[in-house]
Amino acid sequence: MIPPKPPARPDRASLWRYMRLFRRDILSAQPAKLYRAWMAEFRTPFFRSYLVNQPELVKTVLKDRPADFPKSDRIGEGLRPLLGNSVFLTNGATWERQRRIIDPAFEGGRLRDTFPAMLAAAEACVARLATKTGHPLEIEAETSHVAADVIFRTLFSVPIEHETAAQVFARFRDYQRSSPILNLAAFVPLPRWFPRLHRRATLRAARDIRRLITDLTAARQDQIAAGTAPDDLATKIMTTRDPETGACFDTQEMVDQVAIFFLAGHETSASALAWALYLVATHPDWQETLAQEARALDTPDFAALGQLRRARDTFREALRLYPPVPMMVRETTCPEGFRDRTLPKGAQVVLSPWHLHRHTRLWDNPDGFDPTRWQTENGRTCLRDAFFPFSAGARVCPGAGFAMVEGPLLLSMILRHFRITATGAPPVPIAHLTVRARDGIHLVLTPRDQASP
Ligand code: HEM
């Protein structure tokens, strides 16, 4: 069974039709030829953007010369009220300084330290799901809940039930419902003079979230000063000095970073886990294989993770078919010769994990679900050249290692306890803030100890 793929639009479409489709969903607004093209140009009376879909060119933009292709200011427009001056939006020297302080918190050794908090969130998730078995369940709501719980427990050592955490989570949902489509501005850059209209509800939700995060951060600052702070990611980041300037983040700048950790760290993981669960629900034989493997968690410690190889391959396959961040945008700072075209200065360069991950000239069985591909030569080559769900190069997601521990762990914990089947119509992938299912993903969970063998 081929996993759901959004319908493509006809190759030729008028600008206005494209815009209309685009407003609804950027994935189904694209023509099918992008799955086999190396590069494509979108030319409109107002702007030009270029989809770069060839591994060598993606490498040039992300790895070889990232400073020449910064993030455009316009991308952050929908997010700035919430994220302020966070590492996700900055460029140049400010971005470099922020990464010098953040990156050590996510290094390999620290992942081992965050494992108990992740496991506690996974156990709480299993307990919650145990009360919801036997009838259809919208799984994205559940995966958002557990991913938010993971972030709060690892960052601030508090579970999602903590009053402030619960409020941030709730207000965040309001923010998402009311905020404009994230990447729209990238494809349709508004002229600089155009008034930036954020809806009042969006601004109010962003203000509330920031106030709540400021309370958490200020309280942590006091605990650090008193020597009573827990040893978690927030303490690590707030006590790390920039090796070049010796300065730490002040409270304001830390609030900006916490906002992006929360946003980037829970929406994305929640999306990938929901799709992974759908994929195993529709591939029952493979699901049984994973459930067997999950026995490694009889003694759940960091070392057991090494044995979850198939869960890891499965999570990776979910990231390939449904990359939570389907497209990224950069801007040229000088004219660039890409293939047979010259990109003018200020052109939008679109990088699309969504298309490269299903490129018909690169992947064997590009639209099929095959977690064993990663052990084949084609899979290994594509893993290196055509797979970038976490981006790549200097601006690679700092949470990539974290997410690759969290995802397989949660997947295994859930499959260890429940047998899963899909119900209702197949989900239709569309791009919101991340790749989601248009009408949710509906699954039925049955406790394994009650299920027939
Ligand atoms: C499956 C899970 C995840 C996926 C697929 C993912 C994907 C990405 C991608 C594609 C980017 C680059 C975006 C761009 O360049 O426009 C990014 C950046 C970022 N991610 Fe993640 N991410 C995940 C989990 C996390 C987690 C768990 C955290 C933190 C706890 C995190 C924190 C960040 C931050 C801070 C950035 C900005 C980095 C920068 O611009 O220098 N992410 N992520």
Side-chain angles (χ1 to χ4, degrees), residues 58 61-63 66-67 69-72 74-76 79 83 85-92 94-103 105-106 110-111 114 117-118 121 143-144 146-156 182-183 185-186 232-234 236-237 254 256-276 312 315-316 318-331 348-354 356-357 387-411 431 433-435:
V58 173
V61 173
L62 293 179
K63 289 189 177 165
F69 300 93
K71 282 198 173 180
S72 127
R74 292 164 179 159
I75 311 299
L79 292 171
L83 298 184
N85 202 24
S86 98
V87 64
F88 191 78
L89 300 178
T90 51
N91 280 310
T94 304
W95 170 79
E96 280 175 23
R97 178 177 55 78
Q98 291 173 339
R99 286 290 298 240
R100 284 198 297 270
I101 297 177
I102 289 168
D103 284 356
F106 290 95
R110 294 295 299 187
L111 284 180
T114 58
M118 276 188 197
T143 59
S144 288
V146 64
D149 197 19
V150 167
I151 287 293
F152 277 111
R153 287 178 193 256
T154 52
L155 202 58
F156 281 110
L182 212 203
N183 272 318
D232 52 21
L233 289 177
K236 171 74 182 156
I237 294 169
M254 184 61 191
D256 294 344
Q257 313 314 326
V258 172
I260 185 60
F261 293 149
F262 187 71
L263 171 73
H266 104 277
E267 265 292 303
T268 47
S269 296
S271 154
L273 181 62
W275 285 109
R312 202 181 161 85
F315 193 68
R316 191 170 271 159
L319 288 171
R320 182 184 73 81
L321 286 167
Y322 302 103
V325 181
M327 294 181 202
M328 292 170 271
V329 186
R330 299 292 190 263
E331 197 169 85
Q348 308 289 301
V349 177
V350 180
L351 307 153
S352 175
W354 182 275
L356 200 58
H357 287 184
F387 180 71
F388 64 131
F390 298 105
S391 186
R395 268 206 112 122
V396 68
C397 170
F402 182 102
M404 287 308 295
V405 172
E406 177 192 11
L409 172 68
L410 290 173
L411 182 62
L433 207 53
T434 52
V435 171

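For ligands, and for the atoms within them, numbers begin at 1 and follow the listed sequence. What's counted below: heavy atoms across the whole structure, side chains too, no hydrogens, waters or symmetry copies.
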Counting the benzene-type ring for Trp, do Phe262 and Phe156 have ring centres under 6.0 Å apart?
no
Output yes when a side-chain donor or acceptor of Thr154 lies under 3.5 Å from a complementary backbone atom of Ile151, and no otherwise.
yes
Under a 4.0 angstrom heavy-atom cut-off, which atoms of ligand 1 come close to Arg330?
14 (C), 15 (O), 16 (O)
So if I count the atoms of ligand 1 from 1 in the order they appear, which ones are less than 4.0 Å from some heavy atom of Pro324?
5 (C)
From the options Phe315, Phe262, Phe88, select the one whose nearest heavy atom is closest to atom 37 (C) of ligand 1.
Phe88
Working to the nearest 0.5 angstrom, can you tell me the gap between Asp232 CG and Arg110 CZ?
8.0 Å
From Gln348 atom CD to Phe69 atom CZ, the distance as rounded to the nearest 0.5 Å
12.5 Å
With heavy atoms of Trp95 as the reference, note each atom of ligand 1 found under 4.0 Å away.
39 (C), 40 (O), 41 (O)
Just let me know how Phe388 lines up against ligand 1, side chain, backbone, both or neither, with a heavy-atom cut-off below 4.0 Å.
neither
Where the side chain of His357 meets the backbone of Phe388, is there a donor-acceptor pair that is under 3.5 Å apart?
yes
Give the residue, atom name and distance (to 0.1 Å) of the protein heavy atom nearest atom 40 (O) of ligand 1.
Arg395 NE, 2.9 Å
Expected output: side-chain Thr90 to main-chain Asn85 donor-acceptor under 3.5 Å:
no
Here the pair of heavy atoms bringing Phe106 nearest to Pro398 is CB-O, 3.4 Å
Quick one: pull up OG1 in Thr143 and NE2 in His266 and give me the separation to the nearest 0.5 Å.
9.0 Å
Near Phe402, which atoms of ligand 1 are under 4.0 Å from a heavy atom of that residue?
27 (C)
Test of understanding: given a 4.0 Å heavy-atom threshold, classify the contact between Gln257 and ligand 1 as side chain, backbone, both, or neither.
neither
First locate atom CG of Asp256, then atom CZ of Phe261, and finally report the distance between them rounded to the nearest 0.5 Å.
11.0 Å
What is the number of protein N/O/S atoms located under 2.8 Å from atom 21 (Fe) of ligand 1?
1
At a 4.0 Å threshold, what atoms of ligand 1 neighbour a non-hydrogen atom of Arg99?
38 (C), 39 (C), 41 (O)
Checking heavy atoms under 4.0 Å, the part of Lys71 that sits near ligand 1 is side chain
Once you round to the nearest 0.5 Å, how far does CZ of Arg99 lie from CD1 of Ile102?
7.0 Å
Rounded at 0.5 Å granularity, tell me how far CG in Leu62 sits from CG in Leu351.
5.0 Å
Tell me the contacting part of Glu267 for ligand 1: side chain, backbone, both, or neither, using a 4.0 Å heavy-atom threshold, strictly below.
neither
Under 4.0 Å from any heavy atom of Pro389, which atoms of ligand 1 are there?
5 (C), 7 (C), 10 (C)
Start with the C-alpha distance between Asn91 and Arg395, add both sets of side-chain angles, then the distance that settles side-chain contact (heavy atoms from CB on, under 4.5 Å), and finish with yes or no.
CA-CA 10 Å; Asn91 280 310; Arg395 268 206 112 122; 3.0 Å; yes
